[in-house]
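What follows is a set of notes on a single structure, which appears directly below.
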Amino acid sequence: MLKLQRADLFREAAYVGGEWSTGNGHTWVPVHNPATGAQLGRVPSLTRANVEEAIASANAAFAQYRQWTGKARGAVLLKWASLMLEHKNDLAQIMTAEQGKPLREAQGEIDYAVSFLEWFGEEAKRVYGDTIPAPRGNQRITVIRQPVGVCAAITPWNFPSGMVTRKVAPALAAGCTVVLKPAPQTPFSALALCVLAEEAGLPKGALSVVTGDAVEIGAALIESETVRKLSFTGSTAVGKKLMAACAGTVKKVSLELGGNAPFIVFDDANLDQAVQGAIASKFRNAGQTCVCANRFLVQAGIHDAFVERLTQAVREMRMGHGTEDGVTLGPLIDDAALRKVERLVADARSKGASVHAGGERHPAGPSFYAPTVLTDVTDTMSITQEEIFGPVVAVTRFTDEAEALTLANATRYGLAAYFYTSDLNRSIRVTEALDFGIVGVNEGAISTEVAPFGGVKESGFGKEGSRYGIDEYSERKYVCLGNVA
Ligand code: ADP
């Protein structure tokens with residue numbers, strides 16, 4: 001059982017229009033602890049009518065909330081941020097229990113989640129418009145920024161708090177209201193945030209968290225004419241379906257979808273930094289992030305040294321339950337995730353990949369996969385085509401820069417890319433040639449609230465974080481004042 005200082009942060013209820021709801025009271029969805037497989041709790045399976053109630057209350061709240069000054073909206077977000085920090089330990093415990101990541105990583109994610117509340121709490125005051133010199137002397141042209149309206153947010157399980165505030169904070173800062181559907185594996189983090197949002201003074205209806213069947217809830221949100229915007233983070237397959245469905249009401253859409261990040265190590269790289277960056281980028285959250293390095297492309301001259309050092313570092317990692325001291329690597333989210341990793345590794349081995357570490361399940365629990373290093377990986381193997389979402393390093397050897405770039409860009413995804421070099425000219429050339437929305441140069445940890453996060457190609461569109469993040473939740477209205485005497 002969870003030992004929380006504030007037991008009321010753990011809610012087995014949805015949050016609809018500022019009220020805790022158990023839906024029809026009969027239908028529930030169980031939530032499991034991925035480290036043990038034991039049931040952690042349950043959340044109600046809301047009906048379509050419950051979701052429509054959440055949308056209606058978001059719409060009612062919007063009428064008032066949009067009138068608030070940016071400063072007043074920001075003050076609520078900043079208060080919410082300080083409450084999250086105050087209860088960081090409880091929030092991290094809830095996250096580790098439902099998601100599996102080591103407690104230290106969960107605490108780091110709470111800081112990350114808070115950073116969006118702080119950033120957009122400040123940005124709420126800076127939703128600036130423009131004045132434009134008019135073509136006629138008796139006209140005045142201005143552009144004002146206004147909130148989009150009621151927004152739907154659909155979030156994944158890999159960052160149960162971070163993905164919530166990354167969407168909700170800019171929406172609320174802009175003056176929108178939100179109905180959020182968290183991933184079924186990790187609803188409790190989102191619900192705990194609602195407890196604190198309410199305490200911070202967020203008005204009823206400004207944020208609802210709806211739980212239950214993804215397809216039914218998704219349809220209710222997307223078919224609604226009241227909902228004017230969808231922000232989705234998840235798989236490319238689901239993102240495509242939702243984007244198509246949003247055409248029905250011509251919603252504004254932002255999509256943060258899958259990735260297939262290349263991590264290129266050139267001969268002239270600093271080996272220590274490259275190994276450190278590889279660990280940071282690959283093993284965060286046991287490899288379950290959309291910016292995790294998926295394909296390691298390593299130049300022939302540094303290949304063996306890099307593989308040896310990385311293998312050594314991987315062997316030193318401690319896998320176990322996230323609540324145990326010193327654990328650096330937790331379980332995969334569920335059995336399906338484990339089976340996917342097993343399938344990818346088996347396919348790579350059958351086509352000639354060599355295993356330097358791992359390559360099998362780990363005895364710590366039912367969904368643990370040992371950290372793994374594979375070499376001799378080629379682009380005919382599924383592991384280079386699909387998002388691994390597990391702790392597996394797949395290394396391909398290359399000879400020159402042109403070959404590395406061709407391999408790196410040979411994917412329908414375009415979220416993050418990384419490369420290591422000490423050549424200034426190469427760093428500029430390669431940065432510009434990579435078809436990705438985010439590039440880490442001699443850096444493996446790129447996520448921060450101050451920079452625009454988002455992909456190109458089938459990794460989606462729209463930016464989260466940074467001064468651009470709020471654009472996704474505001475419209476520019478052009479005002480032409482005529483006949484000025
Ligand atoms: P993942 O592989 O990370 O679970 P998904 O795209 O399946 O990726 O899930 C991301 C989010 O999208 C989750 O909240 C999930 O419940 C939700 N989701 C999945 N299918 C649908 C759907 N048809 N309509 C709406 N939401 C969906």
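Position 1 is the first residue of the sequence; numbering continues from there. Atoms within a ligand are numbered from 1 in the order they appear, just like the ligands themselves.
Donor-acceptor pairing under 3.5 Å is lacking for the side chains of His321 and Thr36. Side-chain atoms of Arg73 and Tyr65 include no donor-acceptor pair closer than 3.5 Å.
Each of Ile154, Thr155, Trp157, Lys181, Pro182, Ala183, Pro184, Ala214, Val215, Gly218, Phe232, Thr233, Gly234, Ser235, Val238, Leu242 has a non-hydrogen atom positioned under 4.0 Å from some atom of ligand 1.
Using a cutoff of 4.0 Å between basic side-chain nitrogens and carboxylate oxygens, Glu472 and Lys463 are not scored as salt-bridged. The pair Arg104-Glu109 does not meet the salt-bridge criterion, since no charged nitrogen lies less than 4.0 angstrom from a carboxylate oxygen. Residues Lys204 and Glu198 are not paired through a salt bridge, judged by the lack of any N-O separation under 4.0 Å between the basic side chain and the carboxylate.
Taking the side chain to side chain donor-acceptor pair (under 3.5 Å) definition, one finds that Tyr413 meets it with nothing, sequence neighbours left out.
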